[in-house]
Amino acid sequence: MVLSTGINRIRTAVFISGTGSNLKSLIKFSKSNKSPISIELIVSNNAKAKGLNYAKIYKIKKKVLNFKNKNLSENKFISYLKINNIEMICLAGFMEILSKNFIKKFKGKILNIHPSLLPRYKGLNTHERALKNKEKYSGCTVHFVNSKLDSGKIILQKKVKISKNETKNSLAKKILIQEHKLYQKAIIKVFNL
Ligand code: GRF
């Protein structure tokens, strides 16, 4: 696919595990004139991930992989991505940890969105922990993926105020809305458009 500016769009795979609301928002973004990416592949570690439905809706190739299967040949998967000319990977609610070897093969080309203001609250249950610590703010972060969990270079963050009667669900909802906006801004920033 070619951008209106004549530049080729970056062939991107989105990795998911669940609902895929970030995936949906990225797909919509990828169809806009300002997008430097085109989404060519959806990868899931979970065959039941709701987000896989977007493959059918938007006619995007999908691949389900059991990342826990020790027999899975990672090199075969890497070859599959290369054969499909995948140049960039966006993790969006993807609940597996990628191997060092995999990350090395796509060095500087894997982005992740995390629902906290990193470096605070790496890992799981970010909203519960932020509320438990009586934080005034939380938010979301888009960062490059390196071999340490949620520790790669930060691209963009968005702060969200925690209200008085905030619950983990209300906070998750508020932050998710911002995640959708932040991911596309971060992609634009990465490509300096
Ligand atoms: C998002 O909050 C993401 O940051 C986190 O898991 C959630 C996934 O949501 N890692 P969705 O699947 O994109 O709707």
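When a ligand or atom number is given, it counts from 1 through the structure's own listing order.
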Neighbour list for ligand 1 [protein residues, heavy atom under 4.0 Å]: Thr19, Gly20, Ser21, Asn22, Gly93, Ile113, Pro115, Leu176, Glu179
Stepwise side-chain contact (heavy atoms from CB on, under 4.5 Å) check, Asn66 with Asn45: CA-CA 5 Å; Asn66 180 356; Asn45 63 325; over 6 Å; no
Donor-acceptor contact below 3.5 Å, side chain Glu87 vs main chain Arg11: yes
Validation row, ring centre Phe29 to ring centre Tyr183 under 6.0 Å: no
Pairs meeting criterion salt bridge (charged side-chain N to carboxylate O under 4.0 Å, His left out) with involvement of residues 116-145, two or more places apart: Arg120-Glu135, Glu128-Lys168
Donor on one side chain, acceptor on other, Ser99 and Glu74, under 3.5 Å: yes
Worked check of side-chain contact (heavy atoms from CB on, under 4.5 Å) between Leu131 and Leu171: CA-CA 9 Å; Leu131 290 174; Leu171 184 58; 4.2 Å; yes
